[in-house]
Amino acid sequence: MSQTAIQEVRPWEQPFWRPARGKEGILSYLVLIHVLAVIGLILFPLPGLRTLSLTLLFTALGGLGTTVCYHRMLAHRTLKLNKVIEHLLLFWAMFNGSGAPASWVAYHRRHHLRTDTPDDISSPRHGGFWWAHLRWLYQSGPADLPRWCPELNQAAYKIWTLV
């Protein structure tokens, strides 16, 4: 998307509850996991050590999936992992709500090329902290996968676009 096109669209000015076309599933998933967390706190206001440990473990695995697998391995190609570990981390990154690997990588590579310009889709200068942290996942237009990450169009990564 060109700089003028993104300035015309300005998705960060949309209400936070309005996802971009085709990204309703991402918003629904993000809402669902937070609603379930609140329900869990209501049902178990003082969770036991086991529940608390599992929560922290799932959170850590999701963070590792996003930072190690999506960011270091796929976006920057600074790391190689065993394929089993790679796909486990891909699962946990998606479970964490980070979206599909190919689109995340495409947005991130574009972000590095156009950091804090009007064409940087995840810049906090557009919509503040919540835009840069979360809203861009479900309110930005579709990622240009062939341009930004053609190598993630391989069969090994196709399954993660179907989920």
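These numbers were taken from a predicted model, which means no experiment stands behind them.
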Could you state the interatomic distance from CG (Leu43) to CG (Leu36), rounded to the nearest 0.5 Å?
-> 10.5 Å
What are the two closest heavy atoms between Ile121 and Ser140, and how far apart are they?
-> CG1-CB, 3.4 Å
Is there side-chain contact between Pro101 and Tyr70, with heavy atoms separated by less than 4.5 Å?
-> yes
Where do Pro19 and Lys23 come nearest, in terms of heavy atoms and distance?
-> CB-O, 3.8 Å
Between OG1 of Thr66 and CE of Met94, what distance do you get to the nearest 0.5 Å?
-> 10.5 Å
Does a side-chain heavy-atom distance below 4.5 Å link Cys149 with Leu74?
-> no
Just by distance, do the side chain of Arg109 and the backbone of Ala75 share a donor-acceptor pair under 3.5 Å?
-> yes
Cluster question for you: counting only ILVMFWY and a side-chain heavy-atom cut-off of under 4.5 Å, with indirect links fine, are Leu79 and Trp104 together?
-> yes
Taking Gln139 for the side chain and Trp17 for the main chain, is one N or O donor matched with an acceptor at less than 3.5 Å?
-> no
Nearest-0.5 Å distance, CG of residue Leu89 to CG of residue Leu61 = 7.5 Å
Would you say Tyr107's side chain and Leu137's backbone share a donor-acceptor pair under 3.5 angstrom?
-> no
What are the two closest non-hydrogen atoms of Leu30 and Tyr138, and how far apart are they?
-> CD1-CD2, 3.9 Å
Sidechain-backbone polar pair: Asn96 side chain, Ser98 backbone, donor-acceptor under 3.5 Å = no
Show your working on side chain to side chain contact (heavy atoms under 4.5 Å, CB included) between Leu145 and Leu152 and close with a plain yes or no.
-> CA-CA 8 Å; Leu145 303 181; Leu152 293 183; over 6 Å; no
What about the rings of Trp131 and Phe16, do their centers lie closer together than 6.0 Å?
-> no
In terms of side-chain heavy atoms, does Thr115 have a donor or acceptor partner in Asp120 at a distance below 3.5 Å?
-> no
Establish whether Leu64 and Leu56 are linked, either directly or via other cluster members, by ILVMFWY side-chain heavy-atom contacts under 4.5 Å.
-> no
Atom pair CG/CZ of Leu57 and Arg50 - distance to nearest 0.5 Å | 12.5 Å
Can His108 and His76 be said to form a side chain to side chain contact (heavy atoms under 4.5 Å, CB included), step by step?
-> CA-CA 9 Å; His108 189 72; His76 294 293; 3.1 Å; yes
Pairs involving residues 24-49, ordered by first then second residue, that meet ring pair (Phe, Tyr, Trp, His ring centres under 6.0 Å) (sequence neighbours left out) = none
Between the main-chain N or O of Ser122 and the side-chain N or O of Arg110, is there a donor-acceptor pair closer than 3.5 Å?
-> no
Between the side chain of Arg135 and the main-chain N/O of Gln14, is any donor-acceptor distance below 3.5 Å?
-> yes
same_hphob_cluster(Met73, Leu88) at 4.5 Å side-chain heavy-atom cutoff = no
Members sharing Trp148's hydrophobic cluster, built from side-chain contacts under 4.5 Å between Ile, Leu, Val, Met, Phe, Trp and Tyr, are Leu113
Taking only residues two or more places apart in sequence or in another chain, which ones pass side-chain hydrogen bond (donor to acceptor under 3.5 Å, both in side chains) with Lys83?
-> Glu86
What about Val35 and Leu134, same hydrophobic cluster or not, with Ile/Leu/Val/Met/Phe/Trp/Tyr joined at side-chain heavy-atom distances under 4.5 Å?
-> yes
Linking I/L/V/M/F/W/Y whenever any side-chain heavy atoms sit under 4.5 Å apart, do Phe58 and Leu41 land together?
-> no
Where do Ser123 and Ala132 come nearest, in terms of heavy atoms and distance?
-> C-CB, 4.2 Å
Interatomic distance, Thr59 atom OG1 to Leu54 atom CG [nearest 0.5 angstrom] = 10.5 Å
